[in-house]
*Asks:* 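Below is a structure I'd like to ask you about.
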Amino acid sequence: AFFRLWVRKEAVLKGWGNGLSLPPATVQVRASPTTLTGPDGAQWRVQDVDLADGYAGAVARAGAAWRIRLLGPVGGGGRPGGAGNQPRLA
């Protein structure tokens, strides 16, 4: 649970353009899909990306009218991106 919340916070901070220059404690996310207000006043949504066991991923983007679709295999050998099988998002 810790890593899932961590990657959600990291996705939001990177989406805002701050990276980890802001403390992760400044972003409050939940374990379910989260909508929050960005520093510019825009509504942002963060969504988990299902990867192989033992890996956590998330995408954050302004707006609510978007979704994640995995267009290819996550990877070979149970690892994301293994053997040239990069996850592709639409």
Side-chain angles (χ1 to χ4, degrees):
F2 169 81
F3 290 111
R4 184 157 307 276
L5 291 174
W6 174 263
V7 298
R8 293 173 133 246
K9 287 183 177 213
E10 189 175 10
V12 169
L13 289 169
K14 288 181 177 180
W16 289 350
N18 298 319
L20 294 175
S21 65
L22 287 178
T26 62
V27 177
Q28 299 299 316
V29 296
R30 297 183 306 258
S32 61
T34 300
T35 302
L36 58 149
T37 303
D40 61 354
Q43 291 297 305
W44 281 72
R45 193 178 80 165
V46 58
Q47 178 72 43
D48 294 332
V49 177
D50 290 326
L51 300 172
D53 290 341
Y55 292 87
V59 174
R61 182 170 183 249
W66 59 273
R67 65 187 176 120
I68 297 172
R69 289 188 309 148
L70 192 60
L71 300 176
V74 172
R79 291 182 26 241
N85 294 323
Q86 298 294 326
R88 299 180 316 174
L89 303 176

*Asks:* Check whether V59 and L51 end up in the same hydrophobic cluster, where Ile, Leu, Val, Met, Phe, Trp and Tyr are linked by side-chain heavy atoms less than 4.5 Å apart.
*Replies:*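 Yes; tracing contacts between hydrophobic side chains, which count when under 4.5 Å, links both residues.
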*Asks:* Kindly compute the distance separating CG (L36) from CD (Q43), expressed to the nearest 0.5 Å.
*Replies:*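 That separation rounds to 7.5 Å.
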*Asks:* Which heavy-atom pair separates A42 from D40 by the least distance, and what is that distance?
*Replies:*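 Closest heavy-atom pair between A42 and D40: N-OD1, 3.0 Å.
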*Asks:* V27 and W16: which non-hydrogen atoms are nearest, and at how many Å?
*Replies:*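 For V27 versus W16, the nearest heavy atoms are CG2-CZ3, 3.8 Å.
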*Asks:* Are there more than 12 heavy atoms of other residues, nucleotides or ligands under 6.0 Å from atom CH2 of W6?
*Replies:*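 No.
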*Asks:* If you take all heavy atoms of K9 and V29, which pair is closest and at what distance?
*Replies:*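 In this case the closest contact between K9 and V29 is CG-CG2, 3.8 Å.
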*Asks:* Using side-chain heavy atoms (C-beta onward) and a distance below 4.5 Å, is T26 in contact with L13?
*Replies:*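 Side-chain contact under 4.5 Å: yes.
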*Asks:* Would a hydrophobic clustering, with Ile, Leu, Val, Met, Phe, Trp and Tyr connected at side-chain separations under 4.5 Å, put Y55 with V49?
*Replies:*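 Yes: a chain of side-chain contacts under 4.5 Å links Y55 to V49.
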*Asks:* Go through the structure and list residues passing side-chain contact (heavy atoms from CB on, under 4.5 Å) with R4, not counting sequence neighbours.
*Replies:* R8, D48
*Asks:* For the residue pair W66 and Q47, what are the closest heavy atoms and their distance?
*Replies:* CH2-CB, 3.8 Å
*Asks:* For A11 and A58, which heavy atoms make the closest approach, and how far apart are they?
*Replies:* CB-O, 3.6 Å
*Asks:* Check A62 against W44 and note the closest heavy-atom contact, atom names and distance.
*Replies:*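 Scanning both residues completely, I find the closest heavy atoms to be N-CE3, 3.3 Å.
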